[in-house]
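Owing to the predicted nature of the structure, the values given are computational and were not obtained by experimental measurement. Below, read A as the first sequence line, B as the second, and so on, with proteins coming before strands; counting in each chain starts at 1.
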Protein chains: 2
Amino acid sequence: MNDLLERVRAMGHRLTAPRRAVLEVLARERAHLTPEELHRRARRRYPKIGLVTVYRTLALLERAGLVERVHVEAHCKSFALVRLVGAHHHRLICRDCGRVEEFSDCALESTLKSLQKRTGFAIESHQVEVIGRCPECQ
Amino acid sequence: MNDLLERVRAMGHRLTAPRRAVLEVLARERAHLTPEELHRRARRRYPKIGLVTVYRTLALLERAGLVERVHVEAHCKSFALVRLVGAHHHRLICRDCGRVEEFSDCALESTLKSLQKRTGFAIESHQVEVIGRCPECQ
DNA sequence: GTCATTGCAAATCCTTTGCATCAGC
DNA sequence: GCTGATGCAAAGGATTTGCAATGAC
């Protein structure tokens, strides 16, 4: 949590109460949340916070690479904190509670290499999302 | 193309001119398109078609599993035809022209097995998206 | 002829912007 | 105190809905 705050500050941004509230919610809940859900929860910590600020904070955190969109739901409206910061990472998501676990060992290298050979594409990146049910929800 | 039309009809839906137009565009362009782009292109085949019908057709095709959302862009607004129908499949997408290639050999079985063991999640599905530049765009 | 489908307009969301005020540093 | 950040209201987009007219079967 403190490292998150430090990161925001290090990028030259101010550490304001609304930003703290959003980051605290994201860090505490290990799930992906829509801006609306995030707003509702952040309000419990800082009642004055407006939905607009949540949007702006998410945009800031996304630019900073601290938060990413999750693609399980139809419209991809929710966000989750990036934990394996900076590193190559993917997500394992509980379809019931939305809980997010990260992992980095996707073992796709050889698959990508043969794809590249077969299609002629110059492969630049990839994303994996695994859906399941977490131990608690089973 | 004809198999697509047959599928729609087989599900008990009517084969109307607007639906043909949308399917033709999706089948011809090997890329992902937003509802708006799709509308613009479909209009060339059937000028009366409204944007609303494009939305409704996409919803129908998505329910039928013939079309899926693509997640490259920030808001996941675009759709692409599913080619390896029914089968397990993933996408290789050109970041410049949006062209989509499908593949099914992701070789993730052992990765998922060990993930499942490590996290206790009951894994149900996964999706992979690979981004790169196609031969033409390089 | 029947009933699903369409197009239009309007409603409804979701997200972004403009602007005066506020608060970190 | 300077300047970035906030909240509010309003604008802007995207998507959905209501309804009468149309067209597939």
Side-chain angles (χ1 to χ4, degrees), chain A residues 2 4-25 32-64 66-79, chain B residues 2 4-25 32-64 66-79:
Chain A
N2 284 324
L4 285 173
L5 300 178
E6 259 332 297
R7 263 179 166 251
V8 171
R9 177 180 265 133
M11 300 191 70
H13 303 297
R14 293 182 181 172
L15 261 189
T16 64
R19 282 177 185 169
R20 276 170 203 279
V22 169
L23 275 169
E24 271 175 31
V25 172
H32 57 104
L33 299 167
T34 63
E36 199 111 9
E37 292 167 334
L38 208 39
H39 180 223
R40 208 173 311 127
R41 287 169 169 75
R43 220 193 278 205
R44 294 206 277 264
R45 287 159 195 279
Y46 182 70
K48 277 205 307 175
I49 191 173
L51 177 58
V52 179
T53 298
V54 173
Y55 274 103
R56 284 193 275 226
T57 302
L58 282 172
L60 180 86
L61 297 176
E62 197 178 21
R63 258 180 278 128
L66 296 179
V67 135
E68 276 175 0
R69 258 166 231 273
V70 171
H71 302 280
V72 224
E73 332 249 340
H75 293 279
C76 312
K77 289 179 183 173
S78 46
F79 294 79
Chain B
N2 285 323
L4 285 173
L5 300 177
E6 260 332 297
R7 268 185 161 245
V8 171
R9 176 179 267 135
M11 300 192 70
H13 303 296
R14 293 183 180 170
L15 260 188
T16 64
R19 283 177 185 168
R20 277 170 202 279
V22 169
L23 276 168
E24 271 175 31
V25 172
H32 57 105
L33 300 166
T34 63
E36 198 113 8
E37 291 166 334
L38 209 37
H39 180 224
R40 207 173 312 127
R41 286 170 170 74
R43 217 193 281 205
R44 294 206 277 264
R45 288 159 195 279
Y46 181 70
K48 275 205 308 176
I49 193 173
L51 177 57
V52 180
T53 297
V54 174
Y55 274 103
R56 286 193 275 227
T57 302
L58 283 172
L60 180 86
L61 297 175
E62 197 178 20
R63 260 179 276 128
L66 297 179
V67 135
E68 277 175 0
R69 256 165 232 274
V70 171
H71 301 280
V72 224
E73 332 249 338
H75 294 278
C76 312
K77 288 178 186 174
S78 46
F79 294 79

Rounded distance in Å - CG (L23(A)) to P (dA5(D)) = 14 Å
key: Heavy-atom check, side chain of E36(A) versus side chain of R40(A), under 4.5 Å   = yes
key: Among dT15(C), dC8(D), dT3(D), the one nearest R14(A) by side-chain distance   = dT3(D)
inquiry  = If you only use heavy atoms from C-beta on, which nucleotide in dA14(D), dC25(D), dG4(D) is closest to the side chain of R9(B)?
reply    = dC25(D)
remark   = Heavy-atom nearest nucleotide on DNA chain D taken for L51(B) and for K48(B); more 5' hit belongs to L51(B)
request  = Run the salt-bridge test on R69(A) and E62(A) with the 4.0 Å N-O cut-off and return the result as yes or no.
outcome  = yes
ask   = Rounded to the nearest Å, what distance is computed from the CZ atom of residue R43(B) to the P atom of nucleotide dT6(C)?
value = 16 Å
message = On the nucleotide dT15(D), are OP1 or OP2 found under 4.0 Å from the side-chain N or O atoms that H75(A) carries?
response = no
request  = Would you confirm whether H39(B), through its side chain, and I49(B), through its main-chain N or O, come within 3.5 Å as a donor-acceptor pair?
outcome  = yes
task = Tell me whether the OP1 or OP2 atom of dT15(D) has a side-chain N or O from R56(B) closer than 4.0 Å.
result = no
ask   = Mapping T16(B) and K77(B) onto DNA chain D by nearest heavy atom, which one lands closer to the 5' end?
value = K77(B)
task = Grab the OH-C1' distance between Y55(B) and dA10(C) for me, whole Å please.
result = 16 Å
note = E6(A) CD to dC25(C) C1', in whole Å, measures 14 Å
task = Using a 4.0 Å heavy-atom cut-off across all strands, classify R20(A) as base, sugar-phosphate, or nothing.
result = nothing
ask   = Are R19(B) and dA24(D) close enough that a side-chain N or O sits under 4.0 Å from OP1 or OP2?
value = no
ask   = Are R9(B) and E6(B) ion-paired here, with the side-chain N under 4.0 Å from a carboxylate O?
value = yes
Any H13(A) side-chain N or O less than 4.0 Å from OP1/OP2 of dA5(D) = yes
ask   = Nearest-Å distance, CD1 (I49(B)) to P (dT5(C))?
value = 14 Å
ask   = What is the distance, rounded to the nearest whole Å, between atom CE of M11(A) and atom P of dA5(D)?
value = 12 Å
request  = Could you check P35(A) against P18(B) and say which one's nearest nucleotide on DNA chain C is further toward the 5' end?
outcome  = P18(B)
E36(B) CD to dG12(D) P, straight-line distance once rounded to whole Å = 16 Å
key: d(OH, Y46(B); C1', dT22(D)) in whole Å   = 9 Å
message = What I'd like to find out is whether the side chain of L61(A) reaches to under 4.5 Å of the side chain of V8(A), using heavy atoms alone.
response = yes
